[in-house]
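All figures in this text were calculated on a predicted structure; none of them were measured in a lab. Positions are given from 1, in the same order as the sequence printed here.
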Amino acid sequence: MRRLKKKMLRSLQPHSTDNIFIFALRLYSLLFIFSSLNSHGRLVDSHIFIYAGCSQEKYQPNSAFEGSLNSLLASVVSSAPQTSYNSFAMGNGSSISTEGAVYGLYQCRGDLKTTDCSRCIESAVSQISLVCPYSYGAGLQLEGCYVRYEHVDFLGRLDTSLMYKKCSKSVSNDVEFYRRRDDVLADLQTATGFRVSSSGLVEGFAQCLGDLSSGDCSACLAEAVGKLKNLCGSASASDVFLSQCYARYWASGYYDFSSDSSSNQDQVGKTVAIIVGVLAGLAIVVVLLSFLRRALG
């Protein structure tokens with residue numbers, strides 16, 4: 001019995017309770033996303049992961065910064081049902097050490113309903129600490145929303161750094177497509193917030209973060225449109241995300257899922273039900289292992 005106990009302890013030794021808890025949280029996040037897919041017949045567009053960026057510098061657990069960050073993220077979640085954009089500053093008062101200062105914002109895509117915005121923000125907040133654990137700065141972009149925080153004040157300061165780009169296959173010598181695309185991009189470049197544009201068979205939209213002035217928004221979108229042309233060339237669809245704005249265009253039908261048959265949706269539902277069941281089982285095993293380690297420790 002003693003030999004068996006030592007063997008079980010050795011098998012659990014590489015995994016701390018904290019690591020097991022983090023793994024369980026990741027499973028929960030996946031369950032949340034897949035449950036959204038199951039209830040709607042397909043993945044909810046606003047929850048699709050685009051990119052994330054994390055600072056290399058890490059904060060210590062139970063530090064002043066962690067307390068301020070938890071307060072900021074809680075404020076983000078509670079604010080989302082009321083407004084699609086907001087910014088926050090926590091722990092930066094003169095009576096509090098600057099070590100606890102954190103600045104952040106969130107924003108939803110301009111065409112999202114309030115309920116969808118709130119759900120998207122909840123999903124982003126639940127993921128950002130998992131993707132960027134103990135990071136002094138992090139940003140996470142989902143299809144329908146964006147969340148960012150930093151240790152230093154970045155709010156309202158223009159930053160056109162390229163964060164993400166995606167280019168589809170090229171269109172072959174379609175002069176009409178290029179003309180329509182350029183019309184759409186020229187229109188998007190004049191946006192001051194969220195704008196949707198179309199010309200013939202080409203569609204697109206663009207958006208700046210709410211902390212930018214009108215002039216800085218125009219400068220950011222001009223940079224984004226320039227990168228769409230320079231980096232993606234003749235692509236039939238492309239996305240460019242900068243630090244404080246993004247722009248995208250596509251040929252009509254490129255993102256069209258309306259042709260999916262009901263049988264395909266049923267098959268997706270069955271597949272997701274299996275995945276959710278497996279993940280739920282894994283989550284239970286993780287919890288049992290955690291309790292077992294505590295009992296044997």
Side-chain angles (χ1 to χ4, degrees), residues 18 21-55 59 65-91 102-150 154-155 163-164 193-194 205 207 209-211 241 243-244 246 268-269 272-273 275-276 279-280 282-283 286-287:
D18 290 340
F21 181 65
I22 291 173
F23 180 60
L25 282 177
R26 288 178 177 170
L27 286 177
Y28 171 79
S29 179
L30 288 173
L31 283 169
F32 175 82
I33 295 172
F34 281 117
S35 65
S36 297
L37 192 156
N38 191 35
S39 62
H40 295 282
R42 62 179 177 84
L43 187 62
V44 177
D45 291 343
S46 62
H47 293 176
I48 296 175
F49 178 86
I50 303 295
Y51 74 84
C54 317
S55 68
Y59 62 83
F65 182 85
E66 183 178 49
S68 297
L69 177 59
N70 290 339
S71 296
L72 184 143
L73 294 178
S75 297
V76 165
V77 172
S78 63
S79 177
Q82 280 76 46
T83 178
S84 62
Y85 165 82
N86 209 344
S87 61
F88 306 88
M90 301 287 185
V102 59
Y103 305 83
L105 58 77
Y106 74 89
Q107 180 164 287
C108 290
R109 206 171 73 189
D111 59 346
L112 278 192
K113 296 179 180 178
T114 303
T115 53
D116 292 331
C117 173
S118 180
R119 290 170 183 167
C120 186
I121 292 299
E122 286 181 7
S123 179
V125 168
S126 71
Q127 294 179 59
I128 195 167
S129 297
L130 301 179
V131 177
C132 301
Y134 303 112
S135 294
Y136 265 117
L140 187 140
Q141 177 75 60
L142 301 183
E143 177 67 28
C145 62
Y146 177 66
V147 173
R148 179 184 177 186
Y149 72 84
E150 298 286 348
F154 67 94
L155 300 173
M163 304 303 295
Y164 174 85
F194 177 75
F205 59 78
Q207 187 173 19
L209 286 179
D211 63 325
F241 286 81
S243 287
Q244 291 177 299
Y246 63 85
V268 168
V272 171
I275 294 173
V276 170
L279 290 176
L282 286 173
V286 168
V287 173

Can you tell me if Ser118 uses its side chain to pair, donor with acceptor, with the backbone of Thr115 under 3.5 Å?
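Side chain of Ser118 to backbone of Thr115, a donor-acceptor pair under 3.5 Å: no, none is there.
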
Would you check if the side chain of Ser75 reaches a backbone N or O of Ser71 as a donor-acceptor pair within less than 3.5 Å?
yes

For the cysteine pair Cys117/Cys108, does the gap between the two SG atoms stay under 2.5 Å?
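With an SG-SG separation under 2.5 Å, Cys108 and Cys117 do form a disulfide.
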
Under the criterion ring-ring contact (aromatic ring centres under 6.0 Å, His included), I'd like the reasoning laid out for Tyr103 against Phe88: C-alpha separation, chi angles, the key distance, then a yes or no.
CA-CA 6 Å; Tyr103 305 83; Phe88 306 88; over 10 Å; no

With rounding to the nearest 0.5 angstrom, report the [atom1] to [atom2] distance, [X] to [Y].
X: His47; Y: Cys120; atom1: NE2; atom2: SG; result: 5.5 Å
X: Ile121; Y: Ser79; atom1: CD1; atom2: OG; result: 9.0 Å
X: Ile128; Y: Tyr146; atom1: CD1; atom2: OH; result: 8.0 Å
X: Phe241; Y: Gln141; atom1: CZ; atom2: CD; result: 4.5 Å
X: Tyr134; Y: Phe65; atom1: OH; atom2: CZ; result: 13.0 Å
X: Ser243; Y: Phe154; atom1: OG; atom2: CZ; result: 9.5 Å

NZ or CZ of Arg148 within 45° of Tyr106 ring axis and under 6.0 Å:
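No; the conditions do not both hold, so Arg148 does not lie above the ring face of Tyr106.
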
Provide the closest heavy-atom pair for Gly144 versus Leu112 in the form atom of the first, atom of the second, distance.
O-CD1, 3.2 Å

Does [X] reach the side chain of [Y], with side-chain heavy atoms less than 4.5 Å apart?
X: Asp211; Y: Leu105; result: yes
X: Val102; Y: Glu150; result: no
X: Arg109; Y: Phe205; result: yes
X: Leu69; Y: Tyr59; result: yes

